[in-house]
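In the text below, chain A, chain B and the rest are named by the order of the sequence lines, each starting its count at 1.
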2 protein chains.
Amino acid sequence: MARPQKFTTDQILDAALTAVQQHGPAATMADVARAVGAPMGSMYYRFPSREHLFIALWLRSIRHFHAGLLEALTIEDPRTALVAAARHIPRFCRAHPDVALALTLYRQTRLVQSAPAELVEEVRTINEPVLEAMARACTRRFGRATPKRLDLVRTACQASPYGLVRPYVGGPVPLWLDAVVTVSTEAILALGDPGA
Amino acid sequence: MARPQKFTTDQILDAALTAVQQHGPAATMADVARAVGAPMGSMYYRFPSREHLFIALWLRSIRHFHAGLLEALTIEDPRTALVAAARHIPRFCRAHPDVALALTLYRQTRLVQSAPAELVEEVRTINEPVLEAMARACTRRFGRATPKRLDLVRTACQASPYGLVRPYVGGPVPLWLDAVVTVSTEAILALGDPGA
DNA sequence: GTTCATTTAGAACCTCGCTTCTAGTTGGGA
DNA sequence: TCCCAACTAGAAGCGAGGTTCTAAATGAAC
């Protein structure tokens with residue numbers, strides 16, 4: 001009945017990725033339209049505003065990024081799992097520099113307050129699968145997941161590795177960084193051991 | 001001969017700091033003018049453009065931040081010095097959350113390419129004192145400062161600690177983070193030891 | 001007291017980019 | 001073949017914010 005769409009939503013988001021790579025976080029709707037080869041107005045049939053489009057890109061990038069993180073956390077041995085999760089971060093940024101750059105478009109804490117109403121819920125809960133998987137690994141590793149230990153695990157496996165690759169995000173991520181991430185994560189996790 | 005200025009340049013930059021705290025990196029010239037209590041036009045007698053003003057704020061914030069870093073690096077014992085430099089980062093962010101937030105306004109690598117001509121030189125060389133101090137500490141610690149080891153020292157004493165506090169920048173920085181920074185920095189530095 | 005460069009002061013202007021509007025196109029169903 | 005909803009297409013509108021303009025005020029030097 002309806003005319004088929006010339007561009008899929010994913011194609012538009014891919015174009016947004018390109019636009020961000022070329023023009024940084026200030027990429028315009030016109031940049032996205034040019035990258036996908038469609039006119040400005042067409043964008044607004046899929047996304048009610050620029051903000052919707054770029055938040056959608058951010059959410060898709062987060063989910064892409066989380067996939068490997070969640071897979072690493074399914075590893076049985078909790079030490080191996082947590083270090084694998086940490087190492088996934090530089091590897092992902094190396095393999096998908098454009099997606100990694102899109103991750104820096106927003107920060108969840110700010111976005112929860114400023115996002116359009118219909119996206120707030122998704123923004124608010126985007127991290128939950130990973131947090132739950134980390135909590136499970138934390139329990140297996142330390143016997144019990146106190147709030148303090150959970151903070152430590154998140155710091156060891158997310159904040160630290162991400163902080164280490166951040167200077168390189170968007171460009172080539174050196175290989176020696178993986179060893180740095182590993183020893184840092186292990187050292188931080190050791191702080192949670194009962195005897196520490 | 002001339003009428004004395006009602007607002008010092010530092011007062012304007014302080015106001016810009018406030019504006020960034022309140023409105024984020026998209027703070028406008030009007031926000032700054034309101035914060036200092038001056039009209040829009042007056043801003044342009046000190047700074048030829050918005051970009052000049054905000055880059056000046058960034059540069060001043062970096063220098064403020066570097067002061068403590070350089071002081072830590074004067075410590076004789078290189079191990080102590082490097083860890084002290086690392087620990088300075090969360091402490092600074094805790095003591096000066098607004099300045100820390102201003103540090104996130106730009107990244108040097110991008111800025112070197114996009115800054116107005118008359119600021120490029122200062123942007124390009126802003127890190128040199130710290131880099132030199134780190135190179136000296138690196139030499140004292142490892143006997144010789146190979147490029148690889150220098151990268152490692154920068155990663156251990158800058159990238160890692162900064163990455164660890166980044167999620168908290170702008171708000172309260174938890175005290176337990178200092179211990180995390182310490183063990184992470186020590187673990188990364190250990191990778192540079194001859195036997196490692 | 002007069003002079004005058006400098007700064008304040010705020011309104012006007014102008015550019016840029018998001019958004020909306022109107023027209024034209026497409027292609028499946030009746 | 002005709003219809004019509006969904007989409008493409010690009011131009012026009014509109015607002016926000018950076019920048020500029022003009023006038024007035026200030027206070028040190030003479």
Find every protein N or O atom lying less than 3.5 Å from an N or O atom of nucleotides 17-19 of chain C, and list the pairs.
{"residue": "dC18(C)", "atom": "OP1", "partner": "R50(A)", "partner atom": "NE", "Å": "3.0"}
{"residue": "dC18(C)", "atom": "OP2", "partner": "M29(A)", "partner atom": "N", "Å": "2.9"}
{"residue": "dT19(C)", "atom": "OP2", "partner": "Y44(A)", "partner atom": "OH", "Å": "2.9"}
{"residue": "dT19(C)", "atom": "OP2", "partner": "R50(A)", "partner atom": "N", "Å": "2.7"}

(request) Indicate whether OP1 or OP2 belonging to dT25(C) is found under 4.0 Å from a side-chain N or O atom of K6(A). (result) no
(message) Regarding F47(B), tell me which of base, sugar-phosphate or nothing describes its non-hydrogen contacts under 4.0 Å with the strands shown.
(response) nothing
(request) Taking atom types as modelled, find out whether E71(B) and H88(B) have a side-chain donor-acceptor pair closer than 3.5 angstrom. (result) no
(request) Using modelled atom types only, decide if a donor and an acceptor are shared between the side chain of R166(A) and the backbone of Y162(B) within a distance under 3.5 Å. (result) no
(message) Tell me whether R154(A) at atom CZ has more than 12 heavy atoms from other residues, nucleotides or ligands lying less than 6.0 Å away.
(response) no
(message) Should the side chain of Y45(B) and the base of dT8(C) be counted as holding a donor-acceptor pair, with the cut-off at 3.5 Å?
(response) yes
(message) What is the distance, to the nearest angstrom, from the CE atom on M43(B) to the P atom on dT7(C)?
(response) 13 Å
(request) Report yes or no: does Q108(B) contribute a side-chain atom to a donor-acceptor pair with the main-chain N or O of R124(B) at less than 3.5 Å? (result) yes
(request) Report yes or no: does T104(B) contribute a side-chain atom to a donor-acceptor pair with the main-chain N or O of A100(B) at less than 3.5 Å? (result) no
(message) Counting the benzene-type ring for Trp, do F65(A) and H96(A) have ring centres under 6.0 Å apart?
(response) no
(request) Return the value, rounded to whole Å, for the distance between atom CZ of R46(B) and atom P of dG18(D). (result) 19 Å
(message) If you compare every side-chain N and O of R34(A) against the phosphate oxygens of dG10(D) (OP1, OP2), does one of them come in below 4.0 Å?
(response) no
(request) Return the value, rounded to whole Å, for the distance between atom NE2 of H52(A) and atom P of dT20(C). (result) 12 Å
